[in-house]
Each structure stands twice: as structure tokens, then as C-alpha cells.
Amino acid sequence: MTWGTELWDQFENLDKHTQWGIDFLERYAKFVKERLEIEQTYAKQLRNLVKKYCPKRSKDDEPRFSSCMSFYSILNELNDYAGQREVVAEEMGHNVYGELMRYSQDLKSERKHHLQEGRKAQQYLDQCWKHMDNSKKKFERECKEAEKSQISYDRLDNDINATKSEVEKAKSQLYLRTHSADESKNEYAAQLQNFNGEQWKHFNVAIPQIFKNLQDMDERRTVKLGETYRNFAEVERRVVPIISKCLEGMVTAAKAVDQRKDSAIVVESFKSGFEPPGDFPFEDYSQNLSRTGSDNTISTPKNEGVVKPDPKHSISKAAKNKLWLFGKKPKAPSLEDFSHLPPEQRRKRLQARIDELSKELQKEVDQRDALNKMKDVYEKNPQMGDPQSLQPKISETMCNMEKLRSEIHKNESWLSEVEGKVSTRGDRRPSADVNHHTPHGRESPEGSYTDDPSQEHRSPPHQPDPRQAHQPDPRQAHQPDEFDDEFDNDDPLPVLGHCKALYSFDGQNEGTLLMKEDDVLYIIEEDKGDGWTRARKQSGEEGYVPTSYVEIAMEKNSKGS
């Protein structure tokens, strides 16, 4: 079914229909444009949202909590998701909207050409019809004039009063009119035949071909719309796998939230290293009151049931040292050795500073080595440079190295001091003596440790090889009364794992355990950060051994493993 045969007389309607088709195509293109603008706005708003909630501080200052890290991962995934929305907008703009607008311009040009051809064919047919109609009218007029001449001739021929000349004149006029009528007839017949031929060509050849071209154009427009509909959906479908990965990343980030890990970070961040304050001793001020025999109360002997206050544990001193843990911490100026901080925080800050200084020292060492190599090259090849020109830089580097080593040594001394003090107050099992207090003078009012020449506070060695380090002395990490208190407990501790001795240890100090190389021991208490691990022999003998002297294997189902 073609337009050329079925709609041969619907030129005006086809003109309107093809114009409607182009208008509809442009309307759909406008819809796509508004859709991609929505995608662009959505992507921009998502990126602004991510930027708003992204941390503005450096990574080192950001919390390391799993909940925070998961949130930042979600922000990154959302930023990638916004990027995919931008891809959708860009593809729609290029593959759909741009393609539609270019095709619309081509359709307009093609439609204009076909309609012009149709109008030209119609104009030519109209001209043929006018020529035929004019010849027809002329033939009609000539016939009427010939009829008039015939009537005039017949009247004069029958009139006896008419002269011969008048009759001959009328006859001659009749002949001329009749001849003109015959010529008009022949011309009319020729024009009629020509018009009929042109009309047949118009409605059977020209118009069907033009309408077929219009039909093909309109069908191609319909096909193009279908293709762009599909492209409109394909643009979105192509990014669905990537969007799914973004969403999967968000789910993975949500699963990475670990409340135990976050709690451990809180402990690591804020642990002070102090022990909770002990019980205050009872101070009986009624000792000197006289008791009468008539009193119904049970008398208390003067020397029985009365706990004498220990001068080492006065209330004022204990309160001065401990009360800030439960109230507002007094402000203290920031000191170079971080002595204004609690022991645990001070240890972390000192360790971080030592690591930073060590990195700087390594850079200086590398620079020195590079300068020395360059100096050797210059000495062997003088044409490449003067070796003495490098001497000032080498001297400067050596000076910087000495300064850094001095700083590292100073901070390591402070670190050894704080590690020794932290280890003496490590998280061991509490003593049976409920009135046990920290000796007087060990802490300052701000909670930091003060120097005490009578106490040795050296950290255990960190090198596992006894040939490179002295054997650690447990008295430097634990007070003897702490060993005694812990071993006085009758309840055996559960086995957490086992360890193999890498080196021999004499265990001569109180509370330590003698072991030989390759001995296998049971671990009953992990290292608390002071360099000592509590172990038990198969014979049941218990004691502390240096952590760096053993190879530890913890049980998977043990507590704290």
C-alpha cells in the first residue's frame, strides 16, 4: 500500500502530515535535551554533596574508625556514581539529541524538495489544462460565429430583394467562419489530447513517484525515532553495571564497619597508662577518745582494728595525683618531651617523633652517600667537576645528621623513661593488697612521671639477638612486689598459646623463668607492651621471659588472639 496510488488526491494532507512528523521528531529531541540537563544537574548536585561531606583535614588528622573510613568509601563510590550520571548525559547529548537535530535538518531539506517537485508537476498540469480550455473556448466562439454566418447567408439567399453581391459576400463570410471553426476544432482536439496525456503522466507517474519519496522519508523518520528510543535506553543500560559496582562498593563499605576495631582505636587514642586510684585508707580520729565501762558499745582495743595511715599514701597526695582523671584535667603547657601528657599518649607522641626524625636522618644519609659517590667520580674524572666544590654540602649534610642523631637520642631517652614507667604500671592482674598505692613522689600533680634517681627506668632491649643487646632485666619492667602478687594467686591462668625459645635466658632475677634455646613453653599471659611475656613450663613452673627471645604462636580460639 503506497501513498502514490491510495492518496493520489491528498497532496495537501500529506504536506501537513510530513510537517507534523518533523515537529514530533523535534519535540522528542527537546525531551531528550531536558532529560540530559536533569542528569547534568543531578550529577553536579551529587558531586557538591560529596565535596561538602568529604574531610577537609589531612589524612593523618582524620579518625581511623571503621565507621568513618566506610563513610568516606561511600562518598568515593557516590562520586563515581555521579560520574556515571555525567556519562549518561554526555551520551544522550551526542548519540540521541545531537543525532536527532542533524536528522531533523536533513528531513526538512528533503521534504521541501519533494513538495516543490509536486507543486511544479501540478503547475505544469494546470498550464496544460488552461491551454486546452482556451482552445475549447475559441472553438466554441468560432462555431457560434459560423452559425451566425450560416443564418445570415440563408436569409439573404432566400430573400428575393437581396442583390447578388450581398449574397456572395454572405457566402464568403460563411466560408471564412466555417474555416476558422474547423481550425479551432483541430487545435482544441490537439490541446485536449495533450492535456489528457499530461494528466495521465501526472497522476500515474509524477505524483506517485513524489508521494513515494515522501512516504519513504516519513518511514525513515519513524525508523530513526525507534533507533533513538533504543539508544536512549541503551545509554542508561551501559552504565548500569558500573553503577551496580558502585552500589556493591557501598555495601562492602557498610560491611567493613567493625565496632570492636573502633572501640580498640578509642582505647589506643585515649589510653593514659595510669592505673585507677586505689582505696583510701581509713583514718580513725577516735583513738584518743576515752571509753567508759558503762558504754554499751563494744570497745575497740587501741592497737586492734585501727588502720594507721601510711605517710606514703596521704589523701592529699593521692587526690592531687588522681582526681583529675575523674574531673577536668588541669591545663599544662606543651613541653618538648611531652611530659604534660599521660604516659601512654606521651609514648605514642615520642615514638611518632622518633619515626619522623629517623626518616629525615635516612634522607640525609642517602644524600651524603650520593654526594660521596659524586665526589669519587669527580676525583677519578676531574674534567667532570671539582670534588672540593662538594665538600661544603657534604659538611652541611654531616652536620644535619649529627643534629638529627642528637634529637633521636634525646627522644629515645625520653621514650625509654616513659616505657620503663609504663611497664612498671602495666595492666597486670591486681594485687591482693587492696590498700596498695603508688609510692609517694612517682607522679606529678599533672599526672606525668617525675625523675627519681632511686628508680631505674630503662626499657627492655628491642633487639632479639643477645649478641647485639644486653639481656633484659625484669626488674626494669616490673617491681618485685608485682611479680610476687601475681604469682601468689592460686588460680592457674589458662593457656593462650605456645612459644619456642630462640635464645637461652638465665632467669636469675626474681619473677623470671629460666629457659634454654629451642624450649617449648605455654603462654599464659601476653605481652602488655613492656617487652615481657608470662609463660609456663610443662613442669608447671611459671615466670616472665623476654618477648624478643621467643617465637610466639597464639591459639586461634584463645582470648585476645
Side-chain angles (χ1 to χ4, degrees), residues 264 268 271 273 343-344 347-348 350-352 354-355 358-359 361-362 408-409 411-429 456-480 482-487 489 492-561:
E268 180 184 352
K271 180 180 178 182
E344 186 67 20
R347 181 186 65 79
K348 292 178 182 177
L350 288 171
Q351 186 62 55
I354 291 172
D355 294 340
S358 299
K359 291 180 181 178
L361 177 60
Q362 185 60 43
I408 293 174
H409 178 71
N411 283 273
E412 285 179 344
S413 299
W414 291 332
L415 181 61
S416 298
E417 174 189 350
V418 71
E419 282 184 342
K421 291 177 179 178
V422 169
S423 63
T424 59
R425 301 178 58 84
D427 297 333
R428 300 300 181 185
R429 295 201 303 167
E456 292 182 357
H457 298 291
R458 293 177 296 171
S459 62
H462 297 285
Q463 298 291 337
D465 191 349
R467 295 171 294 179
Q468 300 178 2
H470 298 288
Q471 283 189 348
D473 188 350
R475 290 175 297 181
Q476 298 169 2
H478 299 274
Q479 297 297 326
E482 289 182 340
F483 280 115
D484 294 340
D485 292 338
E486 289 171 336
F487 291 119
N489 197 319
L493 294 175
V495 176
L496 304 178
H498 64 276
C499 63
K500 180 181 179 182
L502 301 174
Y503 313 102
S504 298
F505 179 63
D506 54 15
Q508 295 178 357
N509 297 314
E510 183 178 3
T512 59
L513 186 63
L514 172 66
M515 67 177 181
K516 297 181 180 179
E517 187 176 351
D518 294 333
D519 281 357
V520 178
L521 309 175
Y522 296 114
I523 298 175
I524 57 177
E525 188 174 340
E526 297 183 65
D527 188 344
K528 300 297 184 179
D530 53 11
W532 293 92
T533 299
R534 189 170 177 181
R536 178 192 298 153
K537 290 186 176 181
Q538 295 182 359
S539 61
E541 185 180 358
E542 297 180 0
Y544 287 94
V545 296
T547 305
S548 59
Y549 279 35
V550 295
E551 181 181 6
I552 298 175
M554 301 300 294
E555 300 294 340
K556 292 184 178 180
N557 58 352
S558 65
K559 182 179 178 181
S561 61

(message) Quick check against the 3.5 Å criterion: does T533 have a side-chain atom that pairs as donor or acceptor with the backbone of V545?
(response) no
(message) Test your reading of the model: is there a side-chain donor-acceptor pair from K537 to the backbone of D519, 3.5 Å cut-off?
(response) no
Contact check, side chains of [X] and [Y], non-hydrogen atoms, under 4.5 Å:
{"X": "L513", "Y": "L521", "value": "yes"}
{"X": "W532", "Y": "T512", "value": "yes"}
{"X": "Y544", "Y": "R534", "value": "yes"}
{"X": "Q538", "Y": "Y522", "value": "yes"}

(request) Using the side-chain contact (heavy atoms from CB on, under 4.5 Å) rule, pick out the option among T547, I552, V520 that qualifies with C499. (result) I552
Which pair of non-hydrogen atoms, one from [X] and one from [Y], has the smallest distance, and what is that distance?
{"X": "I523", "Y": "H498", "value": "CD1-O, 3.6 Å"}
{"X": "L514", "Y": "D506", "value": "CD1-O, 3.0 Å"}
{"X": "M515", "Y": "A501", "value": "SD-CB, 3.7 Å"}
{"X": "V495", "Y": "I524", "value": "CA-CG2, 4.5 Å"}

(request) Find the distance between OG (S416) and CG (N411) and round it off to the nearest 0.5 Å. (result) 10.5 Å
(message) For the NZ atom of K500 and the CD atom of E517, what is their distance to the nearest 0.5 Å?
(response) 8.5 Å
